[in-house]
Amino acid sequence: MMKIHTAAATLVLGIACSPAQAQCSRALVVPVTITGYAATVIEGQVHGIYPDLLRTEAASVGCAISFQIVPRARQEMLFTTGHADLLLPARRVTRRDDDGIFVPMIRSRPVLISLASRALRFHALPELLGRETLRVGIMRGYDYGESYQAMVRQLTAQRRLTEATDPISLARMLVDGSVDVAVITPTALTGALSANAKYRQLIQQLHMDPVPELPWGESGAYVTRAASLSDADRQIVLHMVEHIARSGAVWRGFQHYYPDPRLGDSIGPP
């Protein structure tokens with residue numbers, strides 16, 4: 001079982017805001033989906049790098065948080081329809097900017113992940129798109145920008161794309177051969193695998209190829225623009241997440257939980 005909540009609590013010491021600030025008028029609604037160590041569920045309780053930092057920061061200003069455990073696609077839907085106050089972790093993409101105010105915390109990029117034993121190697125995305133016998137798996141609800149969405153459309157048209165609902169299911173597809181390549185940020189996949197005794201050993205069997213067509217992007221948190229969150233509460237929430245971002249605690253958390261040197265090509269400080 002992961003002890004992430006204990007270590008993450010240590011990482012946040014000293015960054016909390018002044019408790020003299022105004023309290024939120026209601027509990028903040030924050031749906032989360034399991035995303036490696038970034039957001040996880042332990043014995044029914046939400047923990048992870050982002051939730052633990054947010055929980056500590058909110059407590060310092062007298063705000064309560066109502067975490068909801070949901071699939072990624074539902075997490076996105078709740079945010080876009082104004083039923084969630086924060087979306088995190090989230091990559092900055094243009095279509096989300098109308099719905100929320102983005103606060104960057106790290107940089108990341110998706111890569112092509114395959115089993116090392118299959119000896120698949122890629123230097124550019126067209127190499128994958130041109131090998132029409134290869135099947136590709138992605139995470140439902142994940143969005144890494146325009147180039148990624150263009151890839152998804154082409155693979156869908158070729159009937160080569162399979163969507164997984166969680167990272168463990170995506171890893172299982174690689175193992176059983178139902179997909180040859182997964183496209184995802186490595187931390188989302190390896191974090192989930194490390195928490196699962198059955199699949200933990202798979203981490204060292206993964207081969208990762210970054211490609212220039214899937215570039216680096218900002219990742220962090222979106223604060224809703226919806227009228228369901230009052231202007232006063234929105235300012236408090238923005239102050240909270242901006243304070244977390246300035247502290248560098250998110251990047252320190254990723255360094256702590258993801259020491260694998262192979263991940264240096266896919267995640268970094270803002």
Side-chain angles (χ1 to χ4, degrees), residues 1-70 72 74-76 78-79 82-90 92 99-106 187 191 195 218-258 269-270:
M1 181 187 302
M2 285 187 290
K3 300 297 183 182
I4 188 169
H5 50 299
T6 302
T10 301
L11 288 169
V12 304
L13 292 177
I15 71 165
C17 300
S18 169
Q21 295 179 20
Q23 297 181 349
C24 297
S25 64
R26 61 167 175 79
L28 302 174
V29 179
V30 183
V32 296
T33 189
I34 296 175
T35 316
Y37 288 111
T40 191
V41 177
I42 302 171
E43 297 180 350
Q45 298 297 312
V46 173
H47 287 288
I49 297 169
Y50 285 92
D52 286 344
L53 287 166
L54 181 62
R55 184 183 286 112
T56 299
E57 193 78 16
S60 75
V61 297
C63 294
I65 299 178
S66 175
F67 286 112
Q68 301 174 3
I69 305 167
V70 298
R72 179 66 186 192
R74 180 166 176 77
Q75 181 190 32
E76 182 91 25
L78 289 170
F79 187 76
H83 292 89
D85 299 317
L86 285 122
L87 179 67
L88 81 171
R92 184 171 195 178
D99 300 316
I101 303 166
F102 181 74
V103 178
M105 298 182 182
I106 60 169
T187 52
E218 295 177 312
S219 185
Y222 272 98
V223 178
T224 185
R225 298 182 188 270
S228 55
L229 188 68
S230 71
D231 289 340
D233 284 351
R234 185 175 297 106
Q235 290 306 309
I236 294 172
V237 177
L238 276 170
H239 181 87
M240 286 164 43
V241 295
E242 288 171 351
H243 196 246
I244 292 171
R246 288 194 304 270
S247 75
V250 171
W251 173 234
R252 291 196 299 274
F254 274 91
Q255 289 177 300
H256 177 80
Y257 289 109
Y258 295 99

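Nothing here was measured: the structure is a model prediction, and the numbers come from that model. Hydrogens, waters and symmetry mates are skipped; everything else that's a heavy atom, side chains included, is used.
In terms of heavy-atom proximity, Ala84 sits nearest to Thr224 at O-CB, 3.5 Å. Of all the heavy atoms in Ile236 and Cys24, the pair that sits closest is CG2-SG, 3.9 Å. Annotation for Gly82 and Ser228: closest pair O-OG, 2.9 Å, computed over non-hydrogen atoms. Contact detail for Ala38 and Pro51: the closest heavy-atom pair is O-CD, 3.2 Å. The minimum heavy-atom distance between Tyr50 and Ser219, with the atom names listed, is OH-OG, 4.2 Å.
Without hydrogens or angle criteria, Tyr37 side chain to Thr187 main chain gives no donor-acceptor distance under 3.5 Å.
Two residues are said to be in side-chain contact when any heavy atoms from C-beta on lie closer than 4.5 Å; Leu78 and Gln68 meet this criterion. For the pair Ile69/Thr33, no side-chain contact is recorded, criterion being any heavy-atom separation below 4.5 Å from C-beta on. Side-chain atoms of Leu229 and Val223, non-hydrogen and from C-beta on, do get closer than 4.5 Å to each other. Contact annotation: the side chain of Met105 approaches that of Ile244 to within less than 4.5 Å [non-hydrogen atoms, C-beta and beyond]. With a 4.5 Å cut-off on side-chain heavy atoms, Arg26 and Asp85 count as touching. Val70 places none of its side-chain heavy atoms less than 4.5 Å from the side chain of Val32. Here the side chains of Leu54 and Met240 are in contact, with some heavy-atom distance below 4.5 Å.
Remark: Arg74 CZ to Phe79 CZ distance equals 15.0 Å, nearest 0.5 Å. Put simply, OG1 on Thr40 and CG on Asp52 are 10.0 Å apart, with the number rounded to the nearest 0.5 Å. Taking CD1 of Ile101 as the reference point, atom CZ of Arg225 lies at 5.0 Å (rounded to 0.5 Å). Here Leu28 contributes atom CG and Asp233 contributes atom CG; the two are 7.0 Å apart, rounded to the nearest 0.5 Å.
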Stepwise side chain to side chain contact (heavy atoms under 4.5 Å, CB included) check, Gln45 with Phe67: CA-CA 9 Å; Gln45 298 297 312; Phe67 286 112; over 6 Å; no
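Contacts of Phe102 classified as ring pair (Phe, Tyr, Trp, His ring centres under 6.0 Å), with partners at least two apart in sequence or in another chain: Tyr222. Arg72 pairs by the salt bridge (charged side-chain N to carboxylate O under 4.0 Å, His left out) definition with nothing, not counting sequence neighbours.
The salt bridge (charged side-chain N to carboxylate O under 4.0 Å, His left out) contacts involving residues 234-251 comprise Asp231-Arg234, where partners must be two or more places apart or lie in separate chains.
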